[in-house]
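We number each residue from 1, following the sequence as shown. Since the model is a prediction, treat every value here as computed from it, not as a measurement. As the structure lists them, so they are numbered: ligands from 1, and atoms in each ligand from 1.
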Amino acid sequence: SPGPGYREPGLDALLARALAGGRLRVQSAPAPAAFHLIAVPTPLAEGRRADLSAVEAAADAIAPVLRPGDTVILESTVPVGTTERLAMRLAAARPDLAFPLRGGGSPPACVHLAHVPERVLPGRALHELVHNDRVVGGLGAGCAAQAAQLYRAFVRGALMPVDCRMAELVKLAENAFRDVNIAFANELAALSARFGVDARAAIALANRHPRVDILSPGVGVGGHCVAVDPWFLAQDAQDAAPLIRAARAVNDAVPWRVAAQIRAACARFAAPRLTCLGLAYKPDVEDVRESPAMAIVRTLLAEGLPVVICDPFVSEVPEGAVRRDAAEAITAADVVAVLVPHTAFRTLDPLLFAGKVVVDPSGLVRQAARQADTPLFV
Ligand SMILES: NC(=O)c1ccc[n+]([C@@H]2O[C@H](COP(=O)([O-])OP(=O)(O)OC[C@H]3O[C@@H](n4cnc5c(N)ncnc54)[C@H](O)[C@@H]3O)[C@@H](O)[C@H]2O)c1
C-alpha cells in the first residue's frame with residue numbers, strides 16, 4: 001500500500017462484497033491452503049541491503065501448515081536468490097516434506113515455490129492486478145505452471161513462465177531502469193541550470209527526436225520501490241553495478257541541491273517566510289516513505305528556517321513545521337518551494353505567486369502560468 005490511511009479506489013467495496021459473500025476470511029495466523037502468498041514489506045536495512053525479516057517471519061508462520069503439493073508464492077520484491085533461500089528455510093522447518101531444486105526436477109508431492117513479483121501502481125491496483133502481464137518464476141520443474149493456475153483465475157494479461165532467478169531480476173531491472181532514467185533527467189536539470197538553459201524546455205525539444213524519451217526532473221526519488229530496489233540488485237554484486245550505484249547517488253543528491261536553492265532564496269530576506277508545497281514522495285499520494293520532499297523540509301528545519309507546509313494528502317508534518325491551506329500560505333510567503341507537483345496545486349491561481357521568489361524544480365508554476373496565459377513573474 002502507499003502508506004497509512006491510504007484507500008485504494010474501489011477496494012473497500014470489493015472487500016465488503018467478498019466478506020459478506022463469505023469468500024474472504026481474515027485471521028491472524030496462516031491456515032492450511034493449496035496456495036500461500038507472501039506479500040510483506042521488504043525495506044532497506046543497514047548497509048543498503050534488503051531487510052528480509054518480514055519474509056522470513058511469514059515463511060516461519062506458513063511452515064507448520066504446509067502439506068504435500070501446496071504452492072508457496074513470494075510476491076514481495078526481493079534480491080536475486082531469495083526464492084531459493086526461502087525454499088531452504090521451509091525445508092529446514094519441515095524435513096518431513098519434499099522441496100524442488102532450482103533448475104532440477106520437482107520430487108513427487110513436493111511443495112512448489114514461485115516468485116511472482118507485483119507490478120501494480122497504487123491508485124490503479126485493481127485494474128492493473130487484472131490487466132498487467134506477470135512473470136511467474138518457478139523454482140523447479142512444474143512450479144511455474146502450478147503457480148500460474150492461481151493467476152489464470154483473475155489475470156487477463158499474459159502470464160510468462162520463467163525461472164525464479166529470472167523473475168527476481170526482471171522485477172529489480174524494472175525499478176532500476178526507472179531510477180537510472182530519472183537520474184539522467186535530474187543530472188540534465190543540474191547541467192542546464194549551470195549553462196543557464198531551461199531544462200524542461202530542453203527535454204521537451206530533445207524528446208521530439210523519434211528515439212529519445214527523457215523523463216522529468218524533480219526533487220529526487222522516493223517511495224519504497226524505485227529508491228530502494230536498485231540496491232537489491234547491487235547489494236551482492238557492487239563491482240558489476242557502477243551505473244545503478246551512480247544513479248542512486250545522483251538521485252539521492254537532488255534533495256540537498258534543492259535545499260541549497262531554497263536556502264539561497266531565503267537568504268535574500270532578513271526574516272524569510274517560507275512555504276513548501278508538498279511533502280509526499282510523489283504527486284497525488286499521501287505516502288511519505290523515503291520522500292525527498294520530507295528530507296528537504298527536515299534539512300531546512302534543522303538549519304533553523306521556519307517552514308509552512310501545504311499538502312492536501314499528508315496530515316502529519318515534521319515537528320517544528322506548520323501546516324496551512326495552500327492559497328493562504330502562498331499569499332503570506334516570501335519564498336515558495338514547489339516540492340511535489342500534486343494535481344491540486346496545478347489549479348492554484350498563478351497570480352498567487354506574483355512577487356514571490358519561487359523554487360520550482362518540477363516546473364509546475366511555469367506550466368500553470370503558461371496555461372492561464374499569465375505573464376511569468378518567477
Ligand atoms: N504496493 C505496491 O504497489 C507494490 C508494487 C510492487 C511491488 N511491491 C512489493 O510488494 C511488497 C509488499 O508491499 P506493500 O506495499 O503491499 O507493503 P505494506 O507495507 O502495505 O505491507 C503489506 C502487509 O504486510 C503485513 N506484514 C508486515 N510484516 C509482516 C510479517 N512479518 N508477517 C506477516 N505480515 C506482515 C502488513 O501488516 C501489511 O498488511 C514489497 O516487497 C513491495 O516492494 C509493492
Side-chain angles (χ1 to χ4, degrees), residues 1-12 14-15 18-19 24-31 33 35-45 48-66 72-83 85-86 89-90 93 114-137 147 151 155 157 164 167-179 221-233 235 280-291:
S1 81
Y6 175 80
R7 286 281 190 260
E8 182 69 29
L11 185 59
D12 281 356
L14 190 68
L15 207 58
L19 284 167
L24 178 66
R25 249 189 11 249
V26 181
Q27 55 186 60
S28 53
F35 292 94
H36 298 271
L37 264 75
I38 302 179
V40 295
T42 47
L44 208 54
R48 291 167 169 164
R49 300 184 65 83
D51 173 358
L52 296 175
S53 54
V55 174
E56 289 164 2
D60 295 347
I62 289 170
V65 300
L66 280 180
V72 178
I73 299 171
L74 180 59
E75 287 204 347
S76 300
T77 306
V78 291
V80 178
T82 304
T83 310
R85 284 192 285 279
L86 175 66
R89 193 175 183 97
L90 291 171
H115 176 52
V116 185
E118 187 51 80
R119 283 177 159 163
V120 295
L121 179 72
R124 280 174 55 83
L126 295 185
H127 176 84
E128 294 203 351
L129 205 58
V130 172
H131 294 278
N132 286 357
D133 297 342
R134 302 286 291 263
V135 285
V136 181
Y151 292 89
V155 173
C164 56
E168 288 161 346
L169 187 112
V170 166
K171 172 66 198 179
L172 298 178
E174 290 162 7
N175 284 351
F177 172 87
R178 300 278 303 158
D179 201 41
V221 175
H224 67 313
C225 290
V226 178
V228 169
D229 301 347
W231 290 120
F232 294 5
L233 208 45
Q235 68 174 43
Y281 89 83
K282 68 173 181 179
D284 301 334
V285 301
E286 65 163 44
D287 195 347
V288 293
R289 283 179 287 182
E290 319 288 331
S291 165

message: Determine whether a donor-acceptor pair (N or O, by modelled atom type, separation under 3.5 Å) exists between the side chain of Ser76 and the backbone of Val40.
response: yes
field: Glu118 neighbourhood, listing ligand 1 atoms whose heavy-atom distance to it stays under 4.0 Å
entry: 5 (C), 6 (C), 7 (C)
query: For Leu24 and Leu19, which heavy atoms make the closest approach, and how far apart are they?
result: O-CD2, 3.4 Å
query: With backbone taken as N, CA, C and O and side chain as the heavy atoms from C-beta onward, which portion of Ser76 lies under 4.0 Å from ligand 1: side chain, backbone, both, or neither?
result: both
message: Give the atom numbers and elements of ligand 1 that come within less than 4.0 Å of a heavy atom of Ala54.
response: 28 (N), 31 (N)
query: Can an N or O of Thr77 be found at a distance shorter than 3.5 Å from an N or O of ligand 1?
result: yes
- prompt: Should Arg289 be listed as contacting ligand 1, given a heavy-atom distance under 4.0 Å as the test?
  reply: yes
message: Please determine whether salt bridge (Lys or Arg N to Asp or Glu O under 4.0 Å) holds for the pair Asp287 and Lys282, giving the CA-CA distance in whole Å, both sets of side-chain angles, and the decisive distance to 0.1 Å.
response: CA-CA 8 Å; Asp287 195 347; Lys282 68 173 181 179; over 6 Å; no
Candidate pair Arg134 and Glu75, rule salt bridge (Lys or Arg N to Asp or Glu O under 4.0 Å), full reasoning: CA-CA 11 Å; Arg134 302 286 291 263; Glu75 287 204 347; 3.4 Å; yes
message: At less than 4.0 angstrom from any non-hydrogen atom of Lys171, what atoms of ligand 1 do you find?
response: 6 (C), 7 (C)
- prompt: Just which atoms of ligand 1 are under 4.0 Å from any heavy atom in Val120?
  reply: 3 (O), 5 (C)
Winner among Asp229, Val40, Asp287 once heavy atoms are compared against atom 33 (C) of ligand 1: Val40
- prompt: Going by the order shown, which atoms of ligand 1 are within less than 4.0 Å of some heavy atom of Ala57?
  reply: 31 (N)
Thr77 side chain to Glu118 side chain, donor-acceptor N/O pair below 3.5 angstrom: no
- line: Across all chains, not counting sequence neighbours, the salt bridge (Lys or Arg N to Asp or Glu O under 4.0 Å) partners of Arg119 are Glu174
message: Whether the side chain of Glu8 engages the backbone of Arg124 through a donor-acceptor N/O pair (distance < 3.5 Å, no angle test) should be reported.
response: yes
- line: Closest heavy-atom pair, Ile73 versus Ala147, reported as atoms and distance to 0.1 Å, is CD1-CB, 3.9 Å
message: Using a 3.5 Å cut-off on N or O atoms only, is Arg119 in polar contact with ligand 1?
response: no
field: Contact atoms of ligand 1, heavy-atom distance to Pro122 under 4.0 Å
entry: 3 (O)
